[in-house]
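A short worksheet on the structure shown next.
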Amino acid sequence: MTTIRDIAKLTGVSVATVSRVLNNESGVGDKTRVRVKKVIEDLNYVPNQVARSLYQQKSNLIGVIIPDLKNSFYADVVTGVEHYFAKKGYHILLSFNTGSSFEKYKESLTALNQNNVSGIISSAFNISTLSKFKAPLVFFNSGTINDNIPRIISNNFHGGQLSVQALLTKKPKHVILQHGPLDLATTRERFEGALTELTEKHIEFEIQVVPDFDFITAKASARQLFDRLTTFDAVIAANDIHAMEISKEAGKRNIKIPEQFQLVGYDGSIFSELSYPVITTVDQHAEKIGRLAAEHLYSLLSGNVDTNNVLIDVALHQADSTYSL
């Protein structure tokens, strides 16, 4: 394997000079720079980024932590992050499928720390795990929490309201309201928004608690919905994955949407568009969340001290699973 010392020997310059060329620093003559670059290109030399980052105490790596790679919402967030940082010369180091596991999240932080990432963008988690981590951090998929960590926040309360408003063209008599763990601020705020709207509109509702937002949980919860709850004419799903599985289960049972019950998802993901009928959903603008998180982190890396939260509003995308407004 070619080393920086080999390049120096072949070009008749010092290791320090080769390093300056690699880092595009001043202090190297034009002819020397051209000669060194040619040898680097001829030998297809690639610098050891890990050693480089350890020496410089910085890297061009940004760590991103997401709980579920199969959920397209998180994939869209990562896309927004990657598109922004690619233009700044950074690469993404992705840690995924942490789920709700405290231990997996700590392992992800440790791995990113060992790779000397410059900063982290993460789905919100318990901040006590970050006490020894010094790199800048930005949270997304967070509730409205004011601390020293900047957060990119969807307007969860308004999203809950919109999910009810999507049903009002043909006002339902009995709504099933799914929600995930209420110790998650995002879930709790969205749940409170939906409850407020249901109460103001005098609509009866029943709650179905779902333990997670992934495909396995969604399949099981959809079956339970139809087996145990039979008097509903509308369902507000925990997310688009749950909505898609409810739609699939309804199809198996020859239950028509929206004729027999209306259905609303959440996230604005590709899953709502791939379902039949196309599912009405509340769009969180996932790629925009990723881009804004990246912008905020880059600002921190540039020396700006700004721990203020950024609030993004959500939007209702009316489709075929509800009656049009």
Side-chain angles (χ1 to χ4, degrees), residues 1-66 69 75 77-98 105-122 129-138 140 149-150 287 290-307:
M1 180 182 292
T2 304
T3 68
I4 191 170
R5 293 184 183 279
D6 297 328
I7 303 295
K9 185 176 181 180
L10 287 169
T11 54
V13 300
S14 67
V15 170
T17 298
V18 177
S19 178
R20 290 190 189 98
V21 173
L22 288 169
N23 292 307
N24 199 28
E25 296 175 354
S26 60
V28 182
D30 292 343
K31 290 183 179 180
T32 300
R33 189 180 297 274
V34 170
R35 187 169 76 253
V36 172
K37 282 187 174 181
K38 186 176 187 308
V39 172
I40 289 171
E41 185 177 337
D42 289 345
L43 295 179
N44 197 27
Y45 172 71
V46 178
N48 186 321
Q49 292 295 338
V50 174
R52 199 176 189 181
S53 69
L54 289 173
Y55 174 75
Q56 296 178 342
Q57 289 297 298
K58 64 179 182 178
S59 73
N60 65 340
L61 296 175
I62 299 297
V64 179
I65 304 177
I66 59 172
L69 188 62
V77 170
V78 174
T79 297
V81 173
E82 196 280 331
H83 282 176
Y84 180 85
F85 272 114
K87 298 174 183 177
K88 302 295 183 181
Y90 286 82
H91 300 284
I92 302 302
L93 191 59
L94 181 63
S95 182
F96 55 89
N97 292 345
T98 59
Y105 192 78
K106 285 200 298 183
E107 289 171 6
S108 293
L109 285 172
T110 299
L112 294 176
N113 199 19
Q114 289 172 342
N115 281 277
N116 202 31
V117 296
S118 292
I120 288 181
I121 292 172
S122 173
T129 62
L130 303 168
S131 57
K132 297 181 180 180
F133 195 83
K134 297 180 180 179
L137 170 75
V138 175
F140 71 92
I149 297 178
E287 194 166 332
R291 176 175 56 79
L292 289 176
E295 288 178 1
H296 210 112
L297 181 58
Y298 187 74
S299 178
L300 294 176
L301 294 174
S302 301
N304 298 318
V305 180
D306 181 4
T307 58

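Values below: all heavy atoms of this structure, side chains included; hydrogens, waters and symmetry mates excluded.
Here the side chains of Leu61 and Asn116 are not in contact, with every heavy-atom distance at 4.5 Å or above. Side-chain contact between Tyr298 and Val138 is absent, with no heavy-atom pair separated by less than 4.5 Å. In this structure, Leu69 and Val78 have side chains that are not in contact, with every pair of non-hydrogen atoms separated by 4.5 Å or more.
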For residues 81-93, tabulate all N or O donor-acceptor pairs below 3.5 Å that involve a side-chain atom, not counting sequence neighbours.
none

Result block: side-chain N/O donor-acceptor pairs under 3.5 angstrom for residues 37-44, not counting sequence neighbours:
| from | atom 1 | to | atom 2 | distance (Å) |
| --- | --- | --- | --- | --- |
| Lys38 | NZ | Asp42 | OD2 | 2.9 |

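Taking Val15 as the reference, Ile4, Arg5, Ala8 meet the side chain to side chain contact (heavy atoms under 4.5 Å, CB included) condition, with sequence neighbours excluded.
The minimum heavy-atom distance between Ser26 and Arg20, with the atom names listed, is O-CD, 3.4 Å. Pro150 and Leu300 get closest at one heavy-atom pair: CG-CD1, 3.9 Å. Taking both residues in full, the closest heavy atoms of Pro136 and Leu301 are given as CG-CD2, 3.8 Å, listed atom of the first, atom of the second, then distance. Scanning both residues, Val13 and Arg35, for their nearest heavy atoms gives CG1-NH2, 3.6 Å. The two atoms that bring Ser95 and Ser108 nearest to each other are OG-OG, 2.5 Å, heavy atoms only. The two residues Thr32 and Thr17 come nearest to each other via the heavy atoms CG2-CG2, 4.1 Å.
For the atom pair Tyr105 OH and Ile65 CD1, the distance stands at 4.5 Å (nearest 0.5 Å).
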Decide yes or no on side chain to side chain contact (heavy atoms under 4.5 Å, CB included) for Val64 and Val77, but give the supporting numbers first.
CA-CA 10 Å; Val64 179; Val77 170; 5.9 Å; no

Verdict with supporting geometry, Asn60 and Ser118, side chain to side chain contact (heavy atoms under 4.5 Å, CB included)
CA-CA 7 Å; Asn60 65 340; Ser118 292; over 6 Å; no

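Remark: side-chain polar atoms of Ser299 are not paired, donor with acceptor, to backbone N or O of Glu295 under 3.5 angstrom. The backbone N or O of Thr3 sits less than 3.5 Å from a side-chain atom of Asp6, completing a donor-acceptor pair.
A donor and an acceptor atom, one from each side chain of Asn113 and Thr110, are nowhere located under 3.5 Å apart.
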